[in-house]
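Read through the structure below, which is laid out as C-alpha cells, and then see the notes.
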Amino acid sequence: MAGHSWISSLSHISLLLLILSSSSLAAPNSPWMREARSRLAKSSQLSGSLSKRFTNGSCDTAGPEDFKAPKANVWSGLTDVEAASVTKWLFRMSGLNLTNSSKAGEWDNTLLLVELNVPNKTDVLPYIDGNASAPERWAHAVLDMRASEDPVLADILVGPLPIDSATTWMPLEYPYTKKSGGKTRNLDADSGLSYEFRCNISATIADITMDLWGGTAMCKKNDSLSIWGIDPVWQYDGRVTRWVQFWNYPTDEFDALTLLPLGLYFKTDETGRDPSAWKLEGWLYNDVFYPTTAEFRSAYFSANFTKLPPNVAGDWSGTDRRGSELPMDALPPPQAVRAGPARYSVDQEAKYVEWMDFSFYIGFTRDRGMALYDIRHKGQRILYELSLQEALAHYAGGDPTQSGTAYLDTFYGFGPYAFELVPGYDCPAYASYMNTSFYIDETTHTHINSICFFEFDADYPMQRHSTGTYVANTKNVYFTVRSVSTVGNYDYMFSYEFYLDGSIKVTVRASGYIQSAYFAANEDYGYQIHDALSGSMHDHVLNYKADFDILGKANSFQMTTFVPTMETYPWHDRPRNTMRVNRTMLKSESEGKIFYTGNGATQYRVVNTDKPNKYGEYRGYRILPSDGTCHLTVQNSSNLEAAVHPFTHDLYVLRQKDTEPRSCHPYNGFDVYDPMIDFSEFFEDDESLEQEDLVVYFNLGMHHLPHTGDLPNTVFTTAHSGVQFMPVNYYEGDVSRETRQMVRVDYGEGKKAEVKTFGQDEVKCELDMSSMEEGKDLSGYVGDVVIRKFPYDPNDPYFETDSIS
Ligand SMILES: *[C@@H]1O[C@H](CO)[C@@H](O)[C@H](O)[C@H]1NC(C)=O
Ligand SMILES: *[C@@H]1O[C@H](CO)[C@@H](O)[C@H](O)[C@H]1NC(C)=O
Ligand SMILES: *[C@@H]1O[C@H](CO)[C@@H](O)[C@H](O)[C@H]1NC(C)=O
Ligand SMILES: *[C@@H]1O[C@H](CO)[C@@H](O)[C@H](O)[C@H]1NC(C)=O
Ligand SMILES: *[C@@H]1O[C@H](CO)[C@@H](O)[C@H](O)[C@H]1NC(C)=O
Ligand SMILES: *[C@@H]1O[C@H](CO)[C@@H](O)[C@H](O)[C@H]1NC(C)=O
Ligand SMILES: *[C@@H]1O[C@H](CO)[C@@H](O)[C@H](O)[C@H]1NC(C)=O
Ligand SMILES: *[C@@H]1O[C@H](CO)[C@@H](O)[C@H](O)[C@H]1NC(C)=O
Ligand SMILES: *[C@@H]1O[C@H](CO)[C@@H](O)[C@H](O)[C@H]1NC(C)=O
Ligand SMILES: *[C@@H]1O[C@H](CO)[C@@H](O)[C@H](O)[C@H]1NC(C)=O
Ligand SMILES: *[C@@H]1O[C@H](CO)[C@@H](O)[C@H](O)[C@H]1NC(C)=O
Ligand SMILES: [Cu+2]
C-alpha cells in the first residue's frame with residue numbers, strides 16, 4: 001500500500017493552523033488564589049517578548065526557556081564529581097578491601113552502588129521553606145562483601161561531602177527496622193557457580209533434553225535451553241532451596257524467553273558457599289516428582305512415559321506487524337503537535353519543573369527510579385514526596401517455578417532500566433526530555449532522554465454546560481511527566497499527570513512479555529493460551545509513598561462514607577429509608593491499614609483540621625482510586641513471609657519519621673523472615689495520626705490473568721492502574737476557571753452566535769510539518785546504550801559508551 005508515500009508527501013507541505021494565544025499577560029485576578037505564589041519562580045510566566053513571537057508566519061515551537069529553580073534540588077543525586085570522589089575514597093579504605101569490579105571474582109569485595117543518601121525531611125524543610133542552608137550531603141554506598149564465608153551486602157554512609165580530611169564512613173542503619181549495622185546476607189554471592197551447578201545437573205540428562213526438545217543446557221556456547229527458576233529462593237529451616245526450570249531460547253530476534261517454558265523442573269539445596277556440599281533434591285515432570293535422577297531416568301525410558309510438547313518461538317511470539325491489513329490503515333493517523341512555544345519551564349540542572357501553577361523537583365535512584373519532591377500548587381506544598389517504593393509481581397501455579405515466584409523488582413532496580421524513551425510513541429513527538437544517571441561498576445552511567453514532559457489536550461473537556469441560549473466549555477489541558485522501566489520481561493510506564501483543577505493523577509501501565517507457565521497441571525492458575533502454554537496468574541502490586549503536607553505538616557486523615565440509614569424527619573409521619581454521610585477521623589496507626597470499601601462508598605482525605613475554610617469545613621486532598629487498584633490476593637505469602645506487609649492493603653497511613661523513609665529495601669527477598677525493612681514494624685508504636693505529619697502509602701496494581709490477547713505482549717490499554725489526588729474543600733471554587741482555554745457561545749434563534757474567548761487571540765501561523773517528521777526520526781535512538789563518566793575527565797566527560805544488558 002501507499003502508506004509511506006502519504007507520510008512523506010505530507011512532510012513537504014505546511015499546514016496553516018489557527019493558534020489561540022494569550023494577548024494580555026496580566027495575571028488573572030482570581031478570588032481562589034488564597035496562597036502566596038512567591039514560591040513559583042516568576043520566570044516561568046510568559047515573558048512579553050515571548051507573546052510577540054505569535055505573529056503571522058511560521059509557528060514558533062521553541063522548547064522550554066532557560067530558567068532557574070528557586071532552590072537547589074537536594075534530592076537529585078550526586079554529581080559526577082561527587083560520585084567519582086566517593087568511589088575513589090572508598091577504594092582507598094584498606095579495611096573495606098575493595099576490588100575493581102572488572103577484575104572481581106566470587107570471593108572479592110566490590111562496590112555495588114554509590115548514590116545520594118536522600119536527606120532527612122527534618123533537615124530539608126528549613127532549607128526549602130526558610131532561610132537555612134541546604135542540608136549536608138552524604139553518599140549512600142552498598143558494599144558487596146563476598147570475601148567471607150558469610151557474604152553480606154552492607155549499606156553505608158559516606159560524608160559529609162565534598163570529600164576532605166573530615167570525611168568518614170559509617171554503617172547505614174537508621175532507615176531499616178532490622179538492626180544489623182546495615183547488613184543483610186547475600187544469597188546471590190555465588191550466582192556464577194550456581195549457574196554452573198545447574199548446568200552440571202542438566203548435563204546428566206542431556207540425552208533426555210535432546211530427545212524432548214532437541215537441545216541442551218550445559219553452560220556451552222551451543223546451549224539452546226535456559227535454566228532458571230524461583231525468586232526469592234526458599235529459605236525454610238535455614239536452608240537455601242531453589243527450583244529450576246528448563247526454558248527454550250527464542251530462535252528469532254524477539255525476547256520471548258518467558259513465553260517458552262518447558263515442563264521439566266529440578267530442585268537443589270544450595271546452602272552455604274561450598275558447591276561440593278550442594279545437592280540435587282529431585283525432578284518434576286508432568287506433575288510427578290522423582291526424588292533422584294536415577295528414578296527420573298528410569299521412568300523416562302519406561303514404555304508408558306508420556307512426553308509433552310515444547311513451547312517454541314514463532315510468529316505468535318514476535319511483536320512485528322502481522323495479519324491482515326486494517327481498513328484505511330495505510331493512511332496516516334492524527335498527529336499531536338505543539339504549535340507554539342512550550343508553556344512550561346524546566347531547570348535541567350536542578351531537575352525542577354513548573355507548569356501553570358504546579359511546581360516540583362525530580363529525584364532519581366537506582367532502586368526506585370524517578371521520584372517527585374516538593375510538589376506545590378499555587379506556591380503551597382501539597383506533597384513533600386511522591387514516589388514508587390516497590391513493585392511486586394506475585395505468581396501462583398501448579399508448578400514450583402510459578403508457585404515460587406514473587407519478584408520484588410527494586411532488587412533489579414528501576415533506575416538502571418529506565419531506557420531512552422521513543423519520541424512519538426512513549427511521549428508525543430514534541431515532548432521535552434531529561435537524562436538520568438546511575439552508578440554501575442565504578443562508573444556513573446547516563447540514559448539520555450529517559451524522562452519526558454509534555455502538555456496534552458485531553459480528548460474530553462474539563463467542563464461544559466449547555467442551555468437553550470449558551471454553551472460554556474473549557475479545554476482539559478494537562479501536564480505529564482513520564483518514565484518507563486523495562487525490568488526483565490515487563491515494561492512499566494510510570495506517569496504523573498497534573499490538571500488545571502489542582503488534581504494530580506498517578507498511573508502505572510504494564511506491557512512487555514508475560515512470564516507464562518507450562519500448561520501441565522496449571523488449569524486452576526491460568527487460561528491455556530497457546531499449544532503448551534498457560535497464562536500464569538499473578539498480582540502486580542506497586543507500592544507508592546505519598547507524603548502529604550496540606551497547608552503545613554500537621555495533618556489528619558478523614559474518611560467520609562455514604563451509609564444507608566432509616567431516618568425520621570419532623571416533616572414526615574413515618575421513617576424513610578435513605579442514606580447519609582458519616583465522617584470519621586483516623587486516631588492512630590493501629591487504624592492505619594485500610595481496605596477500600598465495597599461500592600467505593602468511602603472517600604479518603606488528608607486534611608488540616610487547624611485550617612478550616614470559611615464554612616468550617618476542613619481543607620484537604622482526597623485520594624481517589626480511579627483506574628483500578630489492587631492489593632495482594634495471597635494471604636501470609638509463603639514466598640514473602642515478613643517481606644509481604646507493604647502489599648496486603650490498599651492504603652496505609654503512618655506518621656512521618658526520618659527513620660522510616662521507605663516501605664521496602666531492595667534486598668528484602670534475601671531474608672524474608674527477617675527483612676531489612678519489615679513494614680509492619682512501622683505500625684507497632686501506634687502513634688497518633690491527629691494533626692501530625694502524615695505519610696500515606698498506597699498500592700496500585702492489577703490482578704493479571706493473562707489470556708490470548710497477552711500474546712505476544714500485554715497491552716497498556718488494559719493493564720493499568722491509577723489514583724487521583726484531588727482538592728476537596730481546598731479552594732473556594734474550581735480553580736480551572738482561571739484558564740483562558742475556554743469558550744462561551746451565546747446563541748439564539750435568528751441570532752448570530754456571539755463567541756467569548758476570554759483573552760484568547762486568534763493568530764495565524766504555519767506549522768512546518770517537515771520539522772514534525774524530524775522529531776520522529778528514530779535513527780539516532782540509542783536505547784539502553786549508556787554514557788560512562790568515570791574515571792572523571794572534565795575535558796572528556798563522555799569518553800565511552802556501553803550497554804548495561
Ligand atoms: C494575520 O493575518 C491575517 C490575515 O491573514 C490578519 O487578518 C491578521 O490581522 C494578521 N495578524 C497579525 C497579528 O498580524
Ligand atoms: C577499574 O579498572 C578499570 C580498568 O582497568 C580502570 O580504568 C579503572 O580506573 C578502575 N577503577 C578503579 C576505581 O580503580
Ligand atoms: C581482601 O580480599 C581478598 C580477596 O579479594 C582476600 O583474599 C583477602 O583475604 C582480604 N583481606 C582481608 C584483610 O580481609
Ligand atoms: C529569611 O530572611 C529574610 C531576609 O533576611 C527575612 O525577612 C525572613 O523573615 C527570613 N525568613 C525566615 C523563615 O527566617
Ligand atoms: C561442574 O562440573 C565440573 C566438571 O565435573 C566440575 O569441575 C565443577 O566443579 C562443577 N561445578 C559445580 C559448581 O558444581
Ligand atoms: C553442545 O555441545 C556439547 C559438547 O560440547 C554436546 O555434548 C551437546 O550435545 C551439544 N548440544 C547440542 C544441542 O548440540
Ligand atoms: C508406568 O509403569 C510402571 C511399571 O512398569 C508403573 O510403576 C508406573 O506407575 C507406570 N506409570 C504410569 C504413569 O502409568
Ligand atoms: C543528555 O545527555 C546528552 C549526552 O551526553 C547531552 O548531549 C544532552 O545535553 C543531555 N541533555 C540534557 C537535557 O542535559
Ligand atoms: C459512623 O461513624 C461513627 C464514628 O463517627 C462510627 O462509629 C460508625 O461505625 C460509623 N457508621 C458507619 C455505618 O460507618
Ligand atoms: C495469616 O497470619 C495471621 C497472623 O499470624 C493469622 O491470623 C491468619 O489466620 C493467617 N491467615 C491465613 C490465611 O493463613
Ligand atoms: C537522619 O535522621 C536519622 C534519624 O533521626 C539520624 O539518625 C541521621 O543521623 C539523620 N541524618 C543526617 C544526615 O542528619
Ligand atoms: Cu502481569
Side-chain angles (χ1 to χ4, degrees), residues 74-75 78 82 86 90-112 115-127 132-141 143-152 154-162 166-179 181-182 186 189-190 192 273 384-385 394 396 547 590 593 595 631-645 647-649 654-662 672-673 677-685 687 693 695:
V74 296
W75 308 277
L78 298 180
E82 285 173 326
V86 170
L90 284 169
F91 269 80
R92 284 207 304 270
M93 297 290 110
S94 54
L96 299 177
N97 196 13
L98 293 174
T99 299
N100 192 319
S101 54
S102 65
K103 301 179 181 93
E106 251 127 5
W107 285 81
D108 296 316
N109 294 345
T110 55
L111 183 55
L112 273 192
E115 68 178 20
L116 179 75
N117 186 57
V118 178
N120 290 329
K121 183 177 182 183
T122 305
D123 301 325
V124 172
L125 289 185
Y127 171 63
S133 52
E136 275 182 352
R137 288 170 75 73
W138 286 74
H140 165 214
L143 309 173
D144 191 359
M145 308 295 273
R146 294 200 287 175
S148 156
E149 283 297 337
D150 300 302
V152 294
D155 284 74
I156 64 167
L157 282 176
V158 181
L161 302 180
T167 302
T168 55
W169 74 268
M170 63 186 84
L172 174 58
E173 188 182 68
Y174 72 82
Y176 311 135
T177 56
K178 180 160 161 163
K179 297 304 173 194
N186 181 1
D190 298 298
R273 297 208 68 182
Y384 175 79
E385 177 182 354
H394 198 306
D547 179 348
S590 62
K593 298 180 186 172
F595 292 115
H631 58 266
L632 183 62
T633 307
V634 178
Q635 307 241 310
N636 301 349
S637 164
S638 298
N639 297 343
L640 293 178
E641 298 291 346
V644 81
H645 301 301
F647 312 105
T648 55
H649 292 71
L654 282 161
R655 189 151 151 203
Q656 189 279 335
K657 281 187 171 176
D658 288 339
T659 51
E660 297 173 359
R662 298 185 280 286
V672 294
Y673 296 95
I677 298 177
D678 181 341
F679 185 61
S680 66
E681 289 184 29
F682 290 8
F683 294 83
E684 276 172 9
D685 46 9
E687 286 167 305
D693 189 359
V695 175

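Note that ligands are numbered from 1 as they come in the structure, with each ligand's atoms numbered from 1 the same way. The shown structure was predicted, so the numbers you read here are calculated from the model rather than taken from an experiment.
- Results of the side chain to side chain contact (heavy atoms under 4.5 Å, CB included) test with Trp169 over Val86, Leu157, Leu96 single out Leu96 as the only residue that passes.
- For the residue pair Ser102 and Asn100, a side-chain donor N or O sits within less than 3.5 Å of a side-chain acceptor on the partner.
- Closest to atom 14 (O) of ligand 11, if we only count protein heavy atoms, is Asp123 OD2, 3.4 Å.
- Protein heavy atom closest to atom 3 (C) of ligand 3, with residue, atom name and distance, is Asn97 ND2, 3.5 Å.
- Within a 4.0 Å radius of atom 5 (O) of ligand 3, the protein contributes one or more non-hydrogen atoms.
- Within the listing of ligand 3, atoms 5 (O) sit less than 4.0 angstrom from a heavy atom of Thr99.
- Of the protein's non-hydrogen atoms, Asn636 ND2, 3.7 Å is the one closest to atom 8 (C) of ligand 10.
- Asp155 and Tyr176 are linked by a side-chain donor-acceptor pair at a separation below 3.5 angstrom, with hydrogens and angles left out of the test.
- Residue Asp108 has at least one heavy-atom neighbour below 4.0 Å for each of these atoms of ligand 3: 4 (C), 5 (O).
- Nearest protein heavy-atom neighbour of atom 13 (C) of ligand 10: Gln635 CB, 3.7 Å.
- Taking every non-hydrogen atom of Trp107 and a distance limit under 4.0 Å, the qualifying atoms of ligand 3 come out as 4 (C), 5 (O).
- To the nearest 0.5 angstrom, Leu654 atom CG is 8.5 Å from Glu687 atom CD.
- Taking the six-membered ring where the residue is Trp, His649 and Phe595 present parallel rings, their angle staying beneath 30° rather than reaching 60°.
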Verdict with reasoning, Lys657 to Asp685, per side-chain contact (heavy atoms from CB on, under 4.5 Å) | CA-CA 12 Å; Lys657 281 187 171 176; Asp685 46 9; 2.7 Å; yes
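- Ligand-side atoms of ligand 11 in range of Thr659: 4 (C), range being under 4.0 angstrom from any heavy atom.
- Closest protein heavy atom to atom 12 (C) of ligand 11: Asn120 ND2, 3.4 Å.
- No hydrogens or angles considered: nothing links the side chains of Asp150 and Ser148 as a donor-acceptor pair under 3.5 Å.
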